[in-house]
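Below is one structure; the comments refer to it alone.
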Amino acid sequence: MKIENHFVVDAGCEKVWQAINDPTLIARCIPGCESIEVTEQGKFRATISVRLGAVNARFNLVVEITEESPPCHQRSIMRGEEGTRASTLRAVNVLSLEAVNAHSTSVSFNSEVTITGRLGRFGLGVMRKKADALGREFTDSFQEQIELLTA
């Protein structure tokens, strides 16, 4: 499943880049994020809970940044599974930042996500709706965090 998102943040590229690379800030923005920790340079471990219909899933994820060109490009791979191994997730993510002007940054994100197991049995339409809702929630929260940094 391909997930794409684009939004504009009222902050310069450098400030947005710093925010995106701050695990504590990002944890506050990711819906259902219970924890995030840096395991080594460019690698993170996170626990995220998601509810899809009647199913509650708690994923243990490892994120590895595989390519970076600060402050405008980042590629990462995310892998993980539910604690019960009922579902597995793999995503290849690309993040791009582009200055709109000195005080605004365009943020583009796309991800190719594969989910197998019990969550993989949900229809693409249901999964896409959930992904879109989570994306909107992240965007709103991230914009709020940026506003707090620039206030």
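Only a predicted model underlies this, so the values are computations on that prediction, with no experimental measurement involved. In what follows, residues are counted from 1 in the order of the sequence shown.
For Lys130 (side chain) and Val50 (main-chain N/O), no donor-acceptor pair under 3.5 Å exists by modelled atom type. Checked by atom type and distance alone, the side chain of Thr139 pairs as donor or acceptor with a backbone atom of Gly135 at under 3.5 Å. A donor-acceptor contact shorter than 3.5 Å is absent between the side chain of Ser111 and the backbone of Ala91.
With hydrophobic clusters built from ILVMFWY side chains whose heavy atoms lie under 4.5 angstrom apart, Ile77 does not share a cluster with Ile115. Note: the hydrophobic cluster containing Val63 does not contain Val94 (ILVMFWY, side chain heavy atoms under 4.5 Å, direct or indirect links). Linking ILVMFWY residues whenever their side-chain heavy atoms come closer than 4.5 Å, directly or via other members, places Met1 and Leu95 in the same cluster. There is a path of hydrophobic side-chain contacts, each under 4.5 Å, that joins Val55 to Val126.
Across all their heavy atoms, Val8 and His6 have their closest contact at CG2-CE1, 4.4 Å. Between Val9 and Val107, the shortest heavy-atom distance links the atoms CG2-CG2, 3.9 Å. Minimum heavy-atom separation, Pro23 to Val38: CG-CG2, 3.7 Å. Across Ala19 and Ile146, no two heavy atoms sit closer than the pair CB-CD1, 3.5 Å. The heavy-atom pair separating Leu97 from Pro71 by the smallest distance is CD1-O, 3.3 Å. Among all heavy-atom pairs drawn from Thr88 and Phe59, the shortest one is C-CE2, 4.2 Å.
Atom CD1 of Ile3 and atom CZ of Phe109 lie 7.0 Å apart (nearest 0.5 Å). Annotation: the span from Met127 atom CE to Asp132 atom CG amounts to 11.5 Å, rounded to 0.5 Å. Leu149 contributes atom CG, which lies 12.0 Å from atom CD of Glu144 (distance to the nearest 0.5 angstrom). Separating the CE atom in Met78 from the CG atom in Asn93 is a distance of 5.0 Å, to the nearest 0.5 Å. A distance of 9.0 Å separates CZ of Arg75 from OG of Ser96, quoted to the nearest 0.5 Å. Of the inter-residue distances, the one linking Cys72 atom SG with Glu98 atom CD reads 9.0 Å to the nearest 0.5 angstrom.
A donor-acceptor contact closer than 3.5 angstrom is absent between the side chains of Thr150 and Asp10. Inspection of the Glu68 and His73 side chains reveals no N or O donor paired with an N or O acceptor under 3.5 Å.
A 6.0 Å sphere centred on NE2 of His103 holds no more than 12 heavy atoms belonging to other residues, nucleotides or ligands. Heavy-atom neighbours of Arg45 CZ from other residues, nucleotides or ligands within 6.0 Å: at or below the threshold of 12.
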In sequence, state the C-alpha distance, the side-chain angles, and the governing distance for Gln145 and Cys29, and then conclude on side chain to side chain contact (heavy atoms under 4.5 Å, CB included). CA-CA 8 Å; Gln145 293 297 314; Cys29 300; 3.6 Å; yes
Checking side chain to side chain contact (heavy atoms under 4.5 Å, CB included) for the pair Trp17/Gln74: CA distance, chi angles, key distance, verdict? CA-CA 10 Å; Trp17 183 260; Gln74 189 177 79; 3.9 Å; yes
Begin from the C-alpha positions of Lys2 and Glu4 and carry the test side chain to side chain contact (heavy atoms under 4.5 Å, CB included) through to its verdict. CA-CA 7 Å; Lys2 187 158 184 103; Glu4 296 177 300; 3.6 Å; yes
Would you sort out whether Glu37 and Phe44 count as a side chain to side chain contact (heavy atoms under 4.5 Å, CB included), showing the intermediate values? CA-CA 6 Å; Glu37 68 174 293; Phe44 308 88; over 6 Å; no
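Side chains of Leu89 and Leu61 form a contact here, defined as non-hydrogen atoms less than 4.5 Å apart.
Ion pairing between a basic and an acidic side chain is recognised when a charged N comes within 4.0 Å of a carboxylate O; Arg118 and Glu82 show such pairing. By the 4.0 Å N-to-carboxylate-O rule, Arg58 lies close enough to Glu34 to be salt-bridged with it.
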